[in-house]
Amino acid sequence: MIISHEVAGSGPAVVLLHSTVCDRRMWDAQVPALVGAGFRVVRCDLRGFGGTPVPDRPYDNARDVLDLLDGLGIERAALVGASGGGRVALALAARWPDRVTALALLCTALAGQEPSTELRAFGEREDALIEAGDVAGATELNVRTWLGPEAGEAVREQVRRMQRHAFDVQLAAEEDFPQIRVETDPAAVTAPTLLVTGAHDFADFARIADHLAERIAGARRLDLPWAGHLPALERPDEVNALLVDFLGAGAGLLAGAEAAGS
């Protein structure tokens, strides 16, 4: 199965991988900016989110994204991942490093990371609301938790719609198939890497970024003092400029494309 996706623009490929609070609609503000900068932009929905149905067998998100690239005839791509999408991007970059030209991780999660007391308490509260049948309450909990102080009501409503859709789709599934766990070593990443965190996020994600900065050669580390967990939604223009600069000047993708076309 090829996961649901959209493609826009032409040039070096950039794949946008959403947070598991959201779906591919979280990148609405990034697509035109990246296309305008000269990139071919692919954004997709992971299984159980947006337009991709829940899995009907054990699944591997990183393999799904690789299959999508193969189906689109894309040999190499930059990956931009937010939170859970960052975990997928990191797995793909570590397992198939020759397929990844650059890696930008925004408040990324990390497989196997032990959650803090605060993050565990959030998970327990979410589980309790879901078990009580209060899906609306669980949705609001996520909106309050994952957006920083810069997020206005329009952004909160956008996250509310995406999170509620994910809950509705996933809770309606007859069976909960597991994600296939494959051990990945961040040190295997060879692509230029940017690690971004938000000062208003859980401390877990800063610790993850610090850990990855030590393991990935040459990784650049950046903390945004204004950001919560979803900076691409909270200040899209600032994040757009950051991504265009990193992918273009920092990773040299546009310069490489211009040289190849000359």
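Note that these values count all heavy atoms, side chains included, but never hydrogens, waters or copies made by symmetry.
Distance check: Met1 CE to Arg57 CZ gives 9.0 Å after rounding to the nearest 0.5 Å. For the atom pair CD (Glu140) and OG1 (Thr145), the distance works out to 10.5 Å, reported to the nearest 0.5 Å. Distance CG/Leu224 to CZ/Arg235: 8.5 Å, rounded to 0.5 Å. Summarising the geometry, atom CD belonging to Glu126 is positioned 6.5 Å from atom CD belonging to Gln163; distances are rounded to the nearest 0.5 Å. Thr117 OG1 to Glu124 CD: the interatomic distance, rounded to the nearest 0.5 Å, is 9.5 Å. For the atom pair Asp56 CG and Glu175 CD, the distance stands at 10.0 Å (nearest 0.5 Å).
By the side chain to side chain donor-acceptor pair (under 3.5 Å) test, Arg120 pairs with Glu114, sequence neighbours left out. Legend: residues meeting side-chain contact (heavy atoms from CB on, under 4.5 Å) with Ala232, ordered by chain and number and at least two apart, are Met26, Trp27, Gln30, Leu106, Val239. Ser4 pairs by the side chain to side chain donor-acceptor pair (under 3.5 Å) definition with Arg24, not counting sequence neighbours. Take Glu153 and apply the side-chain contact (heavy atoms from CB on, under 4.5 Å) test, not counting sequence neighbours, and it matches Arg156, Glu157, Arg160. In this view, Asp127 and Glu131 satisfy the side-chain contact (heavy atoms from CB on, under 4.5 Å) rule, not counting sequence neighbours.
Taking the side chain as every heavy atom from C-beta outward, Asp204 and Gln113 never approach each other to under 4.5 Å. In this structure, Trp226 and Glu238 have side chains that are in contact, with non-hydrogen atoms separated by less than 4.5 Å. Residues Phe49 and Thr20 have side chains in contact (heavy-atom distance under 4.5 Å, counting atoms from C-beta outward). Annotation: side chain of Asn61 is in contact with side chain of Gln179 (closest heavy-atom distance under 4.5 Å). Considering only heavy atoms from C-beta on, Leu92 stays 4.5 Å or farther from Leu17 through its side chain. Inter-residue side-chain proximity for Phe177 and Val54 is flagged as unmet; no heavy-atom pair is nearer than 4.5 Å. At a threshold of 4.5 Å between non-hydrogen side-chain atoms, the residues Leu230 and Cys22 count as touching. Under the 4.5 Å side-chain criterion, counting only non-hydrogen atoms from C-beta, Phe205 is not in contact with Leu110.
Among His165, Gln170, Arg164, the one residue that satisfies the side-chain contact (heavy atoms from CB on, under 4.5 Å) test with Asp168 is Arg164.
Pairing each heavy atom of Ala94 with each of Ala188, the nearest pair is O-CB, 3.5 Å. Ala104 and Leu243 get closest at one heavy-atom pair: CB-CD2, 4.0 Å. Across all non-hydrogen atoms, the minimal contact from Phe39 to Leu247 is CZ-CB, 3.6 Å. For the residue pair Arg40 and Gly11, the shortest heavy atom distance occurs at CB-O, 3.4 Å. Among all heavy-atom pairs drawn from Pro12 and Leu253, the shortest one is CG-O, 3.6 Å. Minimum heavy-atom separation, Val31 to Ala8: CG1-CB, 4.1 Å.
Remark: the backbone N or O of Gly50 is not paired with any side-chain donor or acceptor of Thr52 at under 3.5 angstrom. A distance-only check finds no donor-acceptor pair linking the side chain of Glu118 to the backbone of Phe202 [under 3.5 Å]. Looking only at distances, a side-chain donor or acceptor of His5 sits under 3.5 Å from a matching main-chain atom of Ile3.
A salt bridge between Arg25 and Asp45 is absent, with no side-chain N of the basic residue lying under 4.0 Å from a carboxylate O of the acidic one.
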Kindly indicate, with the supporting measurements, whether the criterion side-chain contact (heavy atoms from CB on, under 4.5 Å) is fulfilled by Arg47 and Val169. CA-CA 10 Å; Arg47 294 188 190 235; Val169 168; over 6 Å; no
Derivation of the side-chain contact (heavy atoms from CB on, under 4.5 Å) call for Leu194 and Leu242: CA-CA 10 Å; Leu194 174 65; Leu242 179 67; 4.2 Å; yes
Take Asp23 and His18 through the side chain to side chain donor-acceptor pair (under 3.5 Å) test and state the conclusion after the steps. CA-CA 5 Å; Asp23 54 47; His18 62 82; over 6 Å; no
Can you check side-chain contact (heavy atoms from CB on, under 4.5 Å) on Leu46 and Asp64, steps first, answer last? CA-CA 8 Å; Leu46 302 174; Asp64 283 344; 6.0 Å; no
What's the verdict on side-chain contact (heavy atoms from CB on, under 4.5 Å) for His211 and Arg207, showing C-alpha distance, side-chain angles and the deciding distance? CA-CA 6 Å; His211 169 73; Arg207 286 194 291 270; over 6 Å; no
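Other residues, nucleotides and ligands contribute only 12 or fewer heavy atoms inside 6.0 Å of the CZ atom of Arg125. The 12-atom threshold is exceeded at CG of Asp185, counting heavy atoms of other residues, nucleotides or ligands nearer than 6.0 Å.
In the hydrophobic clustering of this structure, Trp96 groups with Val80; members are Ile, Leu, Val, Met, Phe, Trp, Tyr whose side-chain heavy atoms approach within less than 4.5 Å, directly or through other members. Leu141 and Val159 fall within the same hydrophobic cluster, defined by Ile, Leu, Val, Met, Phe, Trp and Tyr side-chain heavy atoms under 4.5 Å apart, directly or through other members. Hydrophobic clustering (ILVMFWY, side-chain heavy atoms < 4.5 Å, transitive): Leu129 and Phe122 are in one cluster. Residues Val244 and Leu222 share a hydrophobic cluster, clusters being chains of Ile/Leu/Val/Met/Phe/Trp/Tyr side chains in contact below 4.5 Å. Cluster membership check: Val182 does not share its hydrophobic cluster with Ile216, using side-chain heavy-atom separations under 4.5 Å among Ile, Leu, Val, Met, Phe, Trp and Tyr.
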For residues 66-79, which side-chain N or O atoms pair as donor and acceptor with protein atoms under 3.5 Å away, sequence neighbours left out?
| residue | atom | partner | partner atom | Å |
| --- | --- | --- | --- | --- |
| Asp70 | OD1 | Arg99 | NH1 | 3.2 |
| Asp70 | OD1 | Arg99 | NH2 | 2.8 |
| Arg76 | NE | Asp98 | O | 3.0 |

